[in-house]
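To keep things clear, I will list the structure first and then write my remarks on it.
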Amino acid sequence: RIQVPAGSIAAAFAAFVVLVNVSTPFAQACATLPLLKPLVEAVCFNPSLQTALEHNYAQDVLASQTAEEFTVTVDAMVVDEAEIAVFYHIDCAGDAYEKIYTDNDYLNENGQTLNAFLSFSAPLAPGEVGFDTISFPQDVPLPDAIRFTLTIRHADLPGGRRIFQKDDYTVTFDLPIARAEVAPSKIYHVQKWVEIDGQKLFIDRVDVHPTHTRVYVRDDPANTAWLQMLHCTLRDENGSTAGRYKNGLIATGSMEEGS
């Protein structure tokens, strides 16, 4: 169910894509895996990724590299048809670091920039599992592999901060995508017009992925006002909802300037 509250409209998107972290009711039970407790704890605020992990949608990686006193381990990836989540943690020897700050970068298998939106983990404590997400726009295919480069910039100590030299604290992983393990998605073609404050919006389709849900919305060229903000709520058959603040609503689109 998509609820669109009435309200003033002051700007418009020609194409508007909403990505919401919601539970995925279509996820099917798979063979039982050992409990991925650290990974599940890392996504406790993200019910979609948590459900994906619990339904065996994780591709095990377990690749490690060491740079000076730090060892970076890529634990797993969750891959569906539109998004990749990369789980990793950092162990360290010697100094008792409280938080470790990194710069992360992702390229395709040819070393080229990905046509994707990237989000990164906050600074991590030693041994804490974090995850980055790579979200691909509509009709952009998944790469065959990704190249993950992590550079440790600085780390907090109880009495201050230590800065690191880039060349000494960089590791790179080439991570192949196991196509047979890509989690399936479902697409619902809604094809329905709604009217808000005298303006029309077309709900084109809803793509339900194990990691998130996308709602594709476009406006009517005949509209006389510009859409400034769109608040959506998604509700499943059990009454669970996901909205702007509850589960991390993200919106992207192409903007047309009004006159």
Side-chain angles (χ1 to χ4, degrees), residues 17 19-24 26-40 42-43 46-65 71-90 102-121 124 129-151 170-187 205-214 216 248 250 252:
V17 183
L19 292 78
V20 189
N21 288 323
V22 295
S23 60
T24 48
F26 71 90
Q28 299 179 353
C30 300
T32 303
L33 284 181
L35 180 62
L36 301 173
K37 183 177 179 181
L39 276 65
V40 173
V43 297
N46 187 318
S48 298
L49 273 177
Q50 189 170 5
T51 301
L53 289 170
E54 291 170 350
H55 287 78
N56 194 20
Y57 287 140
Q59 298 186 15
D60 293 332
V61 179
L62 294 177
S64 295
Q65 292 191 36
T71 298
V72 181
T73 300
V74 180
D75 301 286
M77 296 190 294
V78 173
V79 184
D80 62 28
E81 296 170 5
E83 187 169 284
I84 301 172
V86 180
F87 293 83
Y88 61 94
H89 70 274
I90 305 171
T102 67
D103 285 343
N104 298 353
D105 189 32
Y106 291 89
L107 303 173
N108 67 16
E109 65 272 22
N110 299 317
Q112 300 169 328
T113 301
L114 291 170
N115 181 9
F117 305 99
L118 305 179
S119 63
F120 305 104
S121 284
L124 299 174
V129 175
F131 69 95
D132 299 340
T133 58
I134 308 167
S135 298
F136 296 89
Q138 183 183 12
D139 300 326
V140 174
L142 291 175
D144 292 326
I146 55 174
R147 182 168 298 167
F148 172 34
T149 300
L150 181 146
T151 299
T170 296
V171 294
T172 298
F173 299 87
D174 287 318
L175 305 173
I177 305 299
R179 294 287 178 176
E181 298 180 29
V182 172
S185 303
K186 282 192 175 181
I187 297 177
R205 56 188 258 201
V206 177
D207 294 1
V208 182
H209 305 286
T211 59
H212 65 285
T213 294
R214 298 185 180 189
Y216 291 86
I250 304 171
T252 66

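Throughout, numbering of the chain's residues begins at 1 and tracks the sequence.
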Locate the shortest heavy-atom distance separating His212 from Ala82; write the atom from each residue and the value. CE1-CB, 4.1 Å
Do Asp75 and His89 have side chains that approach each other closer than 4.5 Å (heavy atoms only, starting at C-beta)? yes
For residues Phe120 and Thr102, determine if any side-chain heavy atom of one lies less than 4.5 Å from a side-chain heavy atom of the other. no
Atom pair CG (Leu118) and CG (Asn104), whose distance is rounded to the nearest 0.5 Å: 9.5 Å
Closest non-hydrogen atoms of Ile187 and Arg205, given as atom of the first, atom of the second and distance, are CD1-NH2, 3.7 Å
Enter the distance from Asp105:CG to Leu114:CG here, rounded to the nearest 0.5 Å. 8.5 Å
Looking only at heavy atoms, the pair that brings Pro210 and Ser185 closest together is CD-OG, 4.0 Å
With rounding to the nearest 0.5 angstrom, report the CG to CD distance, Leu175 to Glu109. 12.0 Å
Any Arg147 side-chain heavy atom under 4.5 Å of Asp174 side chain: yes
Do Met77 and Ile177 have side chains that get closer than 4.5 Å, going by heavy atoms? yes
I'd like to check the ring-ring contact (aromatic ring centres under 6.0 Å, His included) partners of Phe136; sequence neighbours left out, ordered by chain and number. none
Please check: side-chain N/O of Gln65 versus main-chain N/O of Thr172, any donor-acceptor pairing under 3.5 Å? yes
Report the distance from atom OG of Ser135 to atom NE2 of His209, rounding to the nearest 0.5 Å. 9.5 Å
Side-chain touch Glu181/Val79, heavy atoms, less than 4.5 angstrom: no
Using 0.5 Å steps for rounding, measure from the CZ atom of Phe117 to the CD1 atom of Ile134. 13.0 Å
Any donor and acceptor pair, going by atom type alone, linking the side chain of Asn110 with main-chain N or O of Gln112 inside 3.5 Å? no
Euclidean distance, Ile146 CD1 relative to Ile84 CD1, rounded to 0.5 Å: 4.5 Å
Contact summary for Arg179 and Pro143, nearest pair of heavy atoms: NH2-O, 3.0 Å
Kindly say whether Ser121 contributes a backbone atom to a donor-acceptor pair with the side chain of Asp132 at under 3.5 angstrom? yes
Would you call the rings of Phe148 and Phe173 parallel, tilted or perpendicular, where under 30° means parallel and over 60° means perpendicular? parallel
Those residues at least two apart in sequence (or on a different chain) that pass side-chain contact (heavy atoms from CB on, under 4.5 Å) with Ser64 are Thr71, Thr73
